[in-house]
Peer 1: 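Please see the structure below; I have some questions.
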Amino acid sequence: MIPLSEAVLVLVLLVNFAVLAASRLTFTIRATAIQGVLLGILPLTIGDPWSGKSLLLSGGTLALKAIVLPNVLLWAMREAAVRREVEPSLGPIASVGAGVLSVGLAQALSRNLPPLDAALPRLLVTASIATVLSGFIVLMTRRKAMTQVVGYLMLENGVYLFGLILAGRVPLLVELGVLLDLLVGVFIMGLVVFHMNRELESLDSARLSELRD
Amino acid sequence: MSLLALVLVPLAGALLAGLDPSRARRLAWLGSAATAHLLLLALAWGGALERSETLWLRFDPLGGLVLTLVSVVFLAVAASSVFYLRREVPRGGRAYEACLLGFLASASVVCLTDHFGALWVAMETTTLATAPLIYHPSDRRSIEAVWKYLLICSVGIALALLGTFLLALAQGTVPGSPDLLRSTILAAPRLDPVWFKAAFVFLFVGYGTKAGLAPMHTWLPDAHGEAPSPISALLSGALINLAFLAILRVVQVANAAGQERALAPVLIGFGLGSVLVATALLLRQRDYKRMLAYSSVEQMGVVSIGCGLGMAASYGALLHLLGSSLGKALLFLVAGNVLVAYRSKRIDDVSGLIERVPASGALLLAGFFLLAGAPPFPLFWSELAILRGAFLGGQPWVAAALVALQAVAFVGVGVRIVSMVQGAAPGGEVPRGRESLWLLLPPAGLLLVALLVGLVPAVQSVLLAAAATIGGTAP
Amino acid sequence: MTALLPLALLLLLAPLLPGVAARTVALATGRRGAPVLQLYRDLRRLWGKDLVYGAVTTGVFRVAPVVWVFGAVAAAAFVPLDGRSALARFPGDFLLFAGLLALGRFALTLAALDTGSSFEGMGASRELLIGGLAEPVLFLGFLTLSLATGGSSLSELFGTGVGDAWPRVGATLVMVALSLAMLLLAEASRGPIDDPATHLELTMIHEVMALDHSGPDLALLLYGGALRFALFGALLVQLVWPRGAMGDLAAAGRLAAGLVAVAALVGAVESSMARLRMIRIPQYLVSAGVLASLGALLLLR
């Protein structure tokens with residue numbers, strides 16, 4: 001019926017909305033894990049699925065985005081005994097509305113950019129920009145530090161999607177470096193969140209307002 | 001020996017320092033790696049180091065210039081870290097020296113690599129290496145600072161990654177595999193203008209966040225203000241320059257592809273915005289380290305304006321980068337001395353420096369004159385070059401705005417610094433201190449280097465060569 | 001005559017579906033559950049009973065169940081049950097479709113208010129809340145389908161146009177199908193919107209409106225509810241499993257099998273989720289609307 005890659009991209013878009021509408025923190029983290037699985041499958045559906053490079057990239061992404069990173073976040077949550085609610089400053093319906101606008105914007109942008117390779121699903125640019133924008137929305141409208149990390153992960157997922165357009169043309173060293181940086185970055189963020197809870201008995205980053213002009 | 005040594009030496013030092021339990025030995029690794037790095041750089045300038053294919057390392061005037069600056073500042077920072085670590089007993093322990101050397105290794109990659117992808121990875125690594133350093137005081141304010149730093153810079157860098165991909169696409173829409181090797185792009189530019197414009201926007205905003213350009217600068221006052229003084233010096237004197245170098249690499253590509261007209265408004269616009277925001281907020285500061293941090297935002301803005309104006313102003317911009325970084329590093333190190341002596345970060349609490357800690361007071365004043373652009377310091381010539389570029393380029397209003405804002409900043413900062421240096425020393429708790437040599441040598445050394453930069457002709461020729469690569473001409 | 005076959009099939013199969021759903025829920029929760037054909041037996045039993053009317057009720061109360069069933073049956077005439085064309089069609093008939101369903105709901109709500117009971121009043125307001133939000137979402141779905149297939153009547157949207165639309169705009173159709181599935185749960189008053197097995201009046205939405213009806217009226221109410229379930233199920237089946245080149249008999253078999261599968265899926269969903277809090281129901285419906293509009297956005301090329 002529809003090509004597998006397009007179906008996976010549609011699911012990625014749906015996960016964005018799930019994160020935007022969510023009200024429980026663990027759900028958002030698991031949703032990013034699901035998005036990681038989808039992104040791990042995606043290289044195999046574009047181009048040659050059995051090339052060593054695709055398999056390595058797919059495996060690395062799956063291991064990192066679907067397993068390691070969500071577990072790091074869940075670990076930090078447990079250690080810090082974070083409360084479960086997301087505490088958004090923009091309610092779920094408004095967030096989802098913003099998400100729809102971002103998909104519209106992404107679609108408009110992808111129409112105005114010059115066309116891509118015929119082998120790539122047309123939805124790729126739209127999904128990538130929409131995920132980046134959704135990540136931004138989550139980052140900016142959530143008060144809890146942990147949810148901001150989730151927003152950052154979504155942002156990186158969107159950028160990763162865009163990188164898939166270049167699949168096979170960026171040296172493996174660079175792609176692995178990107179993944180490694182992401183891993184270490186989130187790990188350090190998790191540590192900071194943990195320390196944050198130790199210092200201030202809360203992870204509400206709205207309370208991080210002592211330094212200001 | 002290849003250029004890779006510039007990366008491997010600090011990396012080896014980081015590993016050794018990370019594994020060593022003794023503080024003294026760790027500092028020794030730090031010092032020796034920093035010195036070795038500087039010596040290797042001298043070899044590189046002489047042409048004795050060859051290119052490396054791993055990490056695509058090449059030595060060019062622009063990269064070499066920034067890396068030398070970073071290395072010099074790093075040496076000063078390493079030296080004053082000796083005193084800092086003797087005083088502060090951190091909760092974390094061993095990570096300080098290892099993170100510093102990790103930063104130096106990634107900085108080498110940033111400056112020397114030819115590949116935009118590797119540039120990105122190294123830039124992100126510098127963010128990650130410096131985050132634990134900012135958190136070193138382990139208190140509430142530094143947690144807030146490091147969180148903002150980590151989040152905002154990581155988001156910025158993610159956008160820069162998107163920009164890097166867009167850059168690859170900008171060549172890829174024309175048949176032939178896209179490349180992220182700068183030298184290849186420069187040799188045969190076939191950039192699709194629409195994709196390239198998009199790429200530039202993302203790269204500029206992304207790396208500009210790291211460089212501290214407004215409105216992405218919000219992390220900078222907090223991070224530079226709360227970090228330990230040697231680290232603040234490193235951040236202002238080295239890190240933001242690395243980020244701006246990344247922007248300049250893109251400018252090089254744009255110039256080769258004939259797209260420079262499109263970039264100038266962005267560079268000048270954000271630059272002026274940064275100077276404006278920084279000057280406005282500078283005047284409200286009551287904490288002297290935050291004041292210096294805003295001054296860093298302003299210096300980046302001026303550099304951006306200079307690069308946007310092109311021609312003679314490019315040379316001025318690079319000279320400004322050099323001089324203001326040295327001056328800022330110097331000022332932050334001296335601020336560290338002040339903090340040690342007075343135990344307060346508020347400007348109101350500090351006065352009578354010239355009586356209590358005269359050497360530091362003198363250095364503070366000297367640093368201020370350096371930043372203000374008094375001759376014979378290099379900033380005098382750089383400001384002139386930038387203004388000249390503005391007039392030659394037919395944009396006198398930019399020059400006027402710049403002069404006006406810098407005058408305001410000069411008065412604002414000057415009043416505060418003078419109030420700190422002069423006056424009567426408060427209370428009598430801290431007697432006329434014996435200032436440790438470790439506290440004084442590094443900033444004094446930086447002052448000396450800054451003086452030489454303006455006067456030594458070899459530096460001039462390097463600056464001219466570097467400016468030529470970004471489309472500048474002689475002043 | 002064979003044109004009436006799919007409609008007859010639908011009318012006949014409708015009461016089977018709630019039974020299948022309930023059976024699935026029971027099996028999923030480890031019980032054996034009621035027989036699948038239970039609703040048929042219930043309908044026959046109720047039909048033979050006496051009618052009892054409350055003292056305060058008026059003619060509205062007596063007429064409402066008939067209007068309820070009429071709305072559903074008339075709406076069924078516009079659905080292309082055989083996969084190609086409906087019994088009646090004209091451009092824009094999806095509006096009439098939605099209107100007939102709304103008419104039925106309106107009549108039922110009036111009857112509920114007519115009883116003067118507070119529980120039924122509460123049920124009526126809840127039912128209208130859901131209906132009021134579900135209708136625009138339904139229209140969004142129809143509009144998206146219209147953009148995707150280029151048709152303007154239900155027969156084109158769900159019949160002939162769908163088959164070749166799938167390879168072209170598959171992603172959009174997936175979105176609309178998901179949106180329709182969410183609407184199905186809302187319109188058929190199944191979980192997680194409304195728990196059909198609850199016996200607590202305060203948690204009821206649709207069932208509470210049936211509290212005061214008796215005998216044949218109640219039978220009509222139950223049948224109408226099952227028919228709405230079947231209608232939306234049929235729409236979903238037409239969308240997801242286009243007829244293609246099947247023969248008439250095969251197409252009818254496809255309809256039957258698809259309906260049963262839909263009912264089983266509904267049961268599965270119902271058994272896996274608790275009923276949503278009232279405050280979440282508008283969010284649920286907005287999400288369905290978002291899915292449909294997402295489908296529309298993906299069409300912009």
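Letters A, B, ... mirror the listed sequences (proteins, then strands); counts begin at 1.
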Peer 1: If I measure from the heavy atoms of chain A, does C/Leu173 come under 4.5 Å with its side chain, its backbone, both, or neither?
Peer 2: neither

Peer 1: Taking atom OG1 of A/Thr131 and atom CD of A/Glu156, what is their separation to the nearest 0.5 Å?
Peer 2: 12.5 Å

Peer 1: Hey, is C/Arg254 close enough to C/Asp82 for a salt bridge, meaning N to O under 4.0 Å?
Peer 2: no

Peer 1: Which of the residues C/Leu291, C/Val286, C/Leu178, C/Leu294 is involved in the greatest number of heavy-atom pairs with chain A at under 4.5 angstrom?
Peer 2: C/Leu294

Peer 1: Under 4.5 Å heavy-atom distance to chain C, tell me which part of A/Leu9 shows up: side chain, backbone, both or neither.
Peer 2: neither

Peer 1: If only atom types and distance count, is the side chain of C/Ser146 paired as donor or acceptor with the main-chain N or O of C/Gly151 below 3.5 Å?
Peer 2: yes

Peer 1: Are C/Phe142 and C/Phe94 near enough that their ring centres are under 6.0 Å apart?
Peer 2: yes

